[in-house]
Amino acid sequence: MSQLVQIHAQMIRNHLSQDSFGVSKLIEFCALSEYGNLHYAHKLFDQIPEPNTFTWNTIIRGYANSIFPRQSLCLFIRMLKSSIYPNLFTFPFVIKACAHLVAFEEGRQVHGMILKAGADNDVFLINGLIHLYASCGKIEAARKLFDGSCKRDLVSWNSILCGYMNCGLMEMAKRLFEEMMERDVVSWNVMINGYAKLGDIDKARELFNMMPTRNVESWNIMISAYAKCGLLESSKKLFDEMPERNVVSWSGIITAYAQGGQPTEALALYDEMRKAKMKPNCRTIVSVLSSCAQLGAFDQGKDIHMYVDQSKIKVDSIIETALIDMYAKCGRVKNAVRIFDKLESRDVFAWTAMIGGLALNGHGKKALELFGEMEDAGVKPNAVTFVGVLCACSHCGFVEMAWHYFNTMTTVYGINPHVEHYGCMVDVLGRAGRLEEAVSFLRSSPAKDDAILWGTVLGACWIHRDVKLGETVGDLLIKLEPNDSGIYVLLSNIYARVGRWDDARKVRLLMESKSLQKNPGCSAIEVHGTVYEFYVGGKLHCRAEEIYLKLDEIAFRLRLLGYVPNTSPVLFDIEDEEKEHAVLHHSEKLAIAFGLISLDDGVPIRVVKNLRVCCDCHTVAKLISKIYNRQVIIRDRNVFHYFRDGLCSCKDFW
DNA sequence: GGCATAGGTC
């Protein structure tokens, strides 16, 4: 690309830049080659005083195949206004852009122009229109064109086949597939993808096994088909077996793991991809960023961001949203805000990611302000946006505000509350100590049988030491989810918190009699680009000895400050000293100690925990931030805790 | 030059 820029500079020096043929060639290369740069092509295009039809077609074609198809339509309109007539090479790309944008009205207008130009017997154009109408869900219009076309080819058949699939008309597609005199690999791929979309994975596999020849796309389709059904192992097996892989295959398998809640595996595959010298594209990057977000892996996320800036990967609004989400979930709100502020246009995803990100990081008020700005900007919030808004209310303890938004959601925006919204309301009421209100709200809601929501109530009982309600809710929960260890743990914690050790032990025994084990707490910390995971009492780390020495030092210094360990999270009826030990070796404390010995002075210690932070770890983190003069940041299952100078951003309310 | 596969907020 830089060579092209030099060539262009040379042309300008030699007064050749008025030679529209030379510049057109340059534009053609920039717009269509994978080494080109559409943005630069557009800049060159705007410098030509009177572009000809060929040059208009080139730039329109470049955008139609890009991630900015809207530009294609804008340029087409400009072309018409400048009285340059479109030809047979203009229309297919404009149609493609319309299909890409699912722009039915615009597409119909272009169709009208094609009829006017008398070009309606061109099989390329007709196929494009069939595809366009099918993409817009107008299958009958597509079929009419198909039936009326005198020069049908295999692509026409495949396009209408695909149209039936997209509209969910499996039976029609099947009949058409059987009627076909000739089928190519695309016809088979369309059918396989159709079955996979409907969730009929067995039928999809049957066709995949039956088809006479497969190409790399056939394999890619099956890989994501398995992923869609949650069959990650089958997906990976196929990926390993396939004879050749392209960037779509790699993106497909990375996305499968990222969306399947296995971000560590997704990142490992991304590493493998790079080792295989495969160049990622924007879709790969989005899934990798989403994996970093899930893990809170800031160093890796930042590296990906740098890579995107350096490479030729086009940054569209989806990558930008993924970046905002990644930075926010890694506790770098400022970076997230910086990207958000620079966005040229903000769709509901971008607003939602930013609102949710602010709420997650304890900036509830800012999140609500931003929601107001979003409404002013005329962007319609969706159900996910309201999850962020209600979470913001919850973290701030704004009960009345939460009610207001909960009602607004239905009355103003017509969104039916999902279980997550009921969850936020139960949470905000529970945290505020309005336990009875929380219970009656939950009982009267459609989510009244949801164990997770009752678990929220149980958590609130723990916070507010309400043993009586805790017992009732605990009984109910054990009936709903007899095998969920978390319920037993929480219930016995409630007893333990008020010193009812006998009851705590009974619950613990009940849990053991069912052979249930506590979901282990795990804390992760990223040091010099590597993520280290710690479990309670874990001794596997290569610097385990130093870590435990550091913990002893921490315990000693804390005691000098008069700190007494809060052993209420420990259930066992063991000696006090042992209880202290069990608490002292919680995963988050191990991770913090490791951070203290391995990170440079002044570098904040950032820990990601899979469960909620326990009360004692919270206190200890506050004290560590004071005595070691070090910022400690813990992202737990719900929220970020920023510890500084002996205080926490959550104001001890979580 | 056209038909099939992979992406963001919960």
Side-chain angles (χ1 to χ4, degrees), chain A residues 32 57-58 60-61 64-65 67 87-93 95-96 99 122-132 134-135 142 153-163 165-166 184-194 196-197 215-225 227-228 245-256 258-259 280-290 293 316-326 328-329 346-357 359-360 381-388 390-391 418-421 423-424:
Chain A
L32 305 181
N57 287 351
T58 308
I60 288 171
R61 179 179 162 195
N65 291 323
I67 49 178
N87 62 16
L88 280 180
F89 289 89
T90 323
F91 291 124
F93 300 110
I95 295 170
K96 190 171 182 179
D122 185 290
V123 66
F124 284 123
L125 287 182
I126 296 303
N127 287 344
L129 287 167
I130 291 173
H131 174 63
L132 165 74
S135 308
D153 64 7
L154 192 47
V155 176
S156 323
W157 283 87
N158 287 341
S159 300
I160 195 77
L161 196 63
C162 187
M165 288 297 190
N166 286 338
D184 67 358
V185 62
V186 177
S187 328
W188 286 90
N189 286 349
V190 168
M191 289 303 287
I192 293 173
N193 192 41
K197 256 189 188 165
N215 62 8
V216 62
E217 281 81 10
S218 323
W219 290 85
N220 292 347
I221 289 165
M222 272 315 293
I223 287 172
S224 44
K228 269 175 218 148
R245 304 182 186 112
N246 61 15
V247 62
V248 179
S249 328
W250 282 100
S251 301
I253 194 73
I254 290 172
T255 303
Q259 293 182 344
N281 66 11
C282 63
R283 297 199 177 201
T284 327
I285 294 298
V286 167
S287 292
V288 172
L289 285 173
S290 149
D316 62 6
S317 64
I318 300 185
I319 290 202
E320 282 164 333
T321 305
L323 281 169
I324 291 171
D325 183 51
M326 183 274 290
K329 293 226 171 85
R346 297 167 185 160
D347 62 8
V348 62
F349 286 92
W351 283 101
T352 303
M354 194 66 254
I355 290 169
L360 180 74
N382 63 21
V384 185
T385 320
F386 277 101
V387 174
L390 293 175
C391 278
H418 304 180
V419 61
E420 292 91 342
H421 303 105
C424 289

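Just so we're on the same page: letters track the sequence lines, and every chain starts at 1. Basis for what follows: all heavy atoms, side chains included, without hydrogens, waters or symmetry-related copies.
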Can you find a side chain N or O atom of [X] that sits less than 4.0 Å from OP1 or OP2 on [N]?
X: A:Gln259; N: B:dG8; answer: yes
X: A:Lys329; N: B:dG8; answer: no
X: A:Asn189; N: B:dT5; answer: no

Roughly how many Å is it from [atom1] in [X] to [atom2] in [N], rounded to a whole number?
X: A:Asn220; N: B:dA4; atom1: CG; atom2: P; value: 14 Å
X: A:Leu88; N: B:dG1; atom1: CG; atom2: P; value: 14 Å
X: A:Leu132; N: B:dG1; atom1: CG; atom2: P; value: 21 Å
X: A:Lys197; N: B:dA6; atom1: NZ; atom2: C1'; value: 13 Å
X: A:His421; N: B:dT9; atom1: NE2; atom2: P; value: 15 Å
X: A:Asn166; N: B:dA4; atom1: CG; atom2: P; value: 8 Å
X: A:Ile254; N: B:dT5; atom1: CD1; atom2: P; value: 19 Å
X: A:Trp157; N: B:dA4; atom1: CH2; atom2: C1'; value: 18 Å

Heavy atoms only, 4.0 Å cut-off, all strands: where does [X] land among base, sugar-phosphate and nothing?
X: A:Asn246; result: nothing
X: A:Ile319; result: base
X: A:Val248; result: base
X: A:Asn57; result: nothing
X: A:Cys282; result: base
X: A:Val190; result: sugar-phosphate
X: A:Ser317; result: base
X: A:Thr255; result: sugar-phosphate
X: A:Ser159; result: sugar-phosphate

Presence of donor-acceptor pair under 3.5 Å, side chain of A:Asn281 and base of B:dG7: no
Distance-only donor-acceptor test (3.5 Å): side chain A:Asp316, base B:dG7: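 By the distance-only test, yes, there is a pair.
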Quick one: [atom1] on [X] to [atom2] on [Y], what's the gap to the nearest 0.5 Å?
X: A:Asn158; Y: A:His131; atom1: CG; atom2: NE2; value: 12.0 Å
X: A:Cys391; Y: A:His421; atom1: SG; atom2: NE2; value: 9.0 Å
X: A:Leu154; Y: A:Ser159; atom1: CG; atom2: OG; value: 9.5 Å

Validation row: A:Val155, A:Val186 side chains within 4.5 angstrom (heavy atoms): no
A:Thr90 vs A:Asn87 side-chain heavy atoms within contact, under 4.5 Å: yes
side-chain contact (heavy atoms from CB on, under 4.5 Å) involving A:Ser224 - partner list, sequence neighbours excluded: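 side-chain contact (heavy atoms from CB on, under 4.5 Å) check on A:Ser224 returns nothing, list empty.
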Please tell me which of the listed nucleotides, [options], lies nearest to the side chain of [X]?
X: A:Ser224; options: B:dG7, B:dG1, B:dT5; result: B:dT5
X: A:Cys162; options: B:dG1, B:dA4, B:dG7; result: B:dA4
X: A:Ser287; options: B:dC3, B:dG7, B:dA4; result: B:dG7
X: A:Glu217; options: B:dT5, B:dT9, B:dC3; result: B:dT5
X: A:Val286; options: B:dA4, B:dG1, B:dG7; result: B:dG7

Exercise answer: donor-acceptor pairs, residues 318-325 of chain A side-chain atoms, under 3.5 Å, sequence neighbours excluded:
| residue | atom | partner | partner atom | Å |
| --- | --- | --- | --- | --- |
| A:Thr321 | OG1 | A:Ser317 | O | 2.8 |
| A:Asp325 | OD1 | A:Lys329 | NZ | 2.7 |
| A:Asp325 | OD2 | A:Lys329 | NZ | 3.2 |

